[in-house]
Amino acid sequence: MSSDLELFEAEPQDLPLAEGAVLLGAFARSVEESLVAALASVVSVAPFRHMLTPGGRRMSVAMTNCGRVGWVSDCAGYRYDDRDPEGAEGDRRWPDMPPAFRDLATHAAGRAGFSGFSPDACLVNRYEPGARLSLHQDRDERDFDAPIVSVSLGLPAVFLFGGLRRSDPPGRVSLAHGDVVVWGGPSRLRYHGVLPLRDGVHPLLGACRLNLTFRKAL
């Protein structure tokens with residue numbers, strides 16, 4: 001029987017998006033069950049919640065985190081914090097990053113040309129029909145040399161991948177269950193987002209899309 005790590009060696013369908021950015025088609029599909037089981041353990045400790053923007057608006061995407069630190073947003077701004085603000089008395093650490101998560105992120109980054117990637121944060125987004133993510137840069141991390149690894153599970157979505165300026169018109173990339181996008185190097189600070197999720201039901205995850213985003217935050 002093949003191990004999870006051996007399954008990562010299967011040849012994915014690579015689609016270059018830009019210098020330093022690539023779509024690894026179906027790269028995570030072979031380990032979907034271990035990822036979903038690991039996510040359940042994370043959510044049992046740190047449930048999904050809708051955070052507020054610094055302007056006080058409720059985000060349409062529900063979020064949670066695992067790893068050494070977690071990404072949070074509230075009226076005080078965007079930042080990483082080693083404590084879950086909604087944990088017990090606001091003093092609970094985020095759950096540890098499951099080995100299945102870390103193995104996937106490391107192997108995907110290596111496949112994309114970024115060897116030695118060791119994420120310390122995983123932001124998990126849950127999209128329900130109508131939820132979207134506006135164009136933004138991932139720039140709250142201290143280490144821009146490390147790539148971003150983004151894993152799609154569940155319903156398909158349209159990923160917007162733009163340029164280094166907000167005004168640059170983004171390309172549209174169709175993402176299916178198990179697809180992984182990696183961007184770093186000259187593409188590390190490209191603007192990106194997700195169009196509103198369409199209605200549907202995925203056989204494994206139901207009427208939602210899950211996105212695991214791995215970063216080197218510290």
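Just so you know, residue 1 is the first one in the sequence shown, and it goes up from there.
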For residues Leu135 and Gly193, report the shortest heavy-atom separation together with the two atoms involved.
-> CD2-N, 3.8 Å
Pairing of Arg111 and Asp14 as salt bridge, 4.0 angstrom limit | yes
Which pair of non-hydrogen atoms, one from Leu155 and one from Gly206, has the smallest distance, and what is that distance?
-> CG-O, 4.0 Å
How long is the gap from CZ on Phe48 to CD on Glu86, to the nearest 0.5 Å?
-> 13.0 Å
Main-chain N/O of His50 paired with Arg58 side-chain donor or acceptor, under 3.5 Å = no
Nearest 0.5 Å, what's the OH-CG distance between Tyr80 and Asp140?
-> 6.0 Å
Beyond-backbone contact of Asp138 with His192, side-chain heavy atoms, under 4.5 angstrom | yes
For the student: nearest non-hydrogen atoms of Cys75 and Gly56, plus distance | SG-CA, 4.4 Å
Between Asn65 and Trp71, is there a donor-acceptor pair closer than 3.5 Å when you use the side chain of the first and the backbone of the second?
-> yes
Carefully, step by step, assess Val61 and Glu128 under the rule side-chain contact (heavy atoms from CB on, under 4.5 Å).
-> CA-CA 7 Å; Val61 177; Glu128 295 179 349; over 6 Å; no
Quick one: pull up CZ in Phe101 and CG in Leu212 and give me the separation to the nearest 0.5 Å.
-> 5.0 Å
Calculate, to the nearest 0.5 Å, the distance between atoms OG1 and CG belonging to Thr213 and Asn125 respectively.
-> 5.5 Å
Show your reasoning for whether salt bridge (Lys or Arg N to Asp or Glu O under 4.0 Å) applies to Arg190 and Glu19.
-> CA-CA 11 Å; Arg190 281 179 175 260; Glu19 185 180 359; over 6 Å; no
Is there a donor-acceptor pair under 3.5 Å between the side chain of Arg102 and the backbone N or O of Pro119?
-> yes
Among the clusters formed by ILVMFWY side chains lying less than 4.5 Å apart, do Leu52 and Tyr78 turn up in the same one?
-> no
Write down the atom of Arg49, the atom of Trp94, and the distance for their closest heavy-atom approach.
-> NH1-CH2, 3.7 Å
Determine the minimum heavy-atom distance between Val149 and Ala109, stating which atoms define it.
-> CG2-CB, 4.1 Å
Please check if the side chain of His177 supplies one atom and the backbone of Gly154 the other of a donor-acceptor pair under 3.5 Å.
-> yes
What pair of heavy atoms forms the shortest contact from Ser34 to Val31, and how long is it?
-> OG-O, 2.9 Å
Hey, is the main chain of Ser134 close enough, under 3.5 Å, to the side chain of His136 for a donor-acceptor pair?
-> yes
Beyond-backbone contact of Pro147 with Phe117, side-chain heavy atoms, under 4.5 angstrom | yes
Check for a donor-acceptor pair, side chain of Asp179 on one end and backbone N or O of Ala26 on the other, with a separation under 3.5 Å.
-> yes
Have Ser150 and Asn211 got a donor and an acceptor in their side chains that come within less than 3.5 Å?
-> yes
Decide whether Val151 and Trp183 are clustered together by the hydrophobic rule: side chain heavy atoms of Ile, Leu, Val, Met, Phe, Trp, Tyr closer than 4.5 Å, transitively.
-> no
Decide, yes or no, whether a salt bridge links Asp120 with Lys216 under the criterion of side-chain N to carboxylate O below 4.0 Å.
-> yes
Is any side-chain heavy atom of Val182 closer than 4.5 Å to a side-chain heavy atom of Ile148?
-> no
Taking the side chain as every heavy atom from C-beta outward, state whether Arg93 and Asp82 have any atom pair closer than 4.5 Å.
-> yes
Walk me through it: do Leu164 and Tyr191 pass the test side-chain contact (heavy atoms from CB on, under 4.5 Å)?
-> CA-CA 6 Å; Leu164 297 176; Tyr191 280 87; 6.0 Å; no
If Ile, Leu, Val, Met, Phe, Trp and Tyr residues are connected whenever their side-chain heavy atoms lie under 4.5 Å apart, and connections chain through other members, are Phe27 and Leu35 in the same group?
-> yes
Does the distance from a Lys or Arg side-chain N to an Asp or Glu carboxylate O, for Arg139 and Glu141, drop under 4.0 Å?
-> no
Do the side chain of Thr106 and the main chain of Asp103 share a donor and acceptor less than 3.5 angstrom apart?
-> no
Are Leu204 and Leu39 joined in one hydrophobic group, where the rule is that I, L, V, M, F, W and Y side chains link up if heavy atoms are under 4.5 Å apart?
-> yes
May I ask you to test the Asp81-Val69 pair for a side-chain heavy-atom distance under 4.5 Å?
-> no
Could you tell me whether the side chain of Val181 reaches within less than 4.5 Å of the side chain of Leu175, counting heavy atoms only?
-> yes
Any donor-acceptor N/O pair, Thr64 side chain to Val43 backbone, under 3.5 Å = no
State whether the number of non-hydrogen atoms from other residues, nucleotides or ligands found under 6.0 Å of Arg79 atom CZ is greater than 12.
-> yes
Any donor and acceptor pair, going by atom type alone, linking the side chain of Gln137 with main-chain N or O of Leu189 inside 3.5 Å?
-> yes
Between Leu210 and Leu205, is any pair of side-chain heavy atoms under 4.5 Å apart?
-> yes
How about Arg209 and Ser152: do any of their side-chain heavy atoms sit closer than 4.5 Å?
-> yes
Cationic N near anionic O, under 4.0 Å, Asp96 to Arg68 = no
Sequence-distant partners of Leu15, side chain to side chain contact (heavy atoms under 4.5 Å, CB included), two or more places apart = Leu17, Leu23
Measure from the side-chain N and O atoms of Ser187 to the backbone N and O of Ala18, and report whether any donor-acceptor pair falls under 3.5 Å.
-> no
Verify the cluster assignment for Phe214 and Val36: are they in a single hydrophobic cluster under the rule of side-chain heavy atoms below 4.5 Å apart?
-> yes
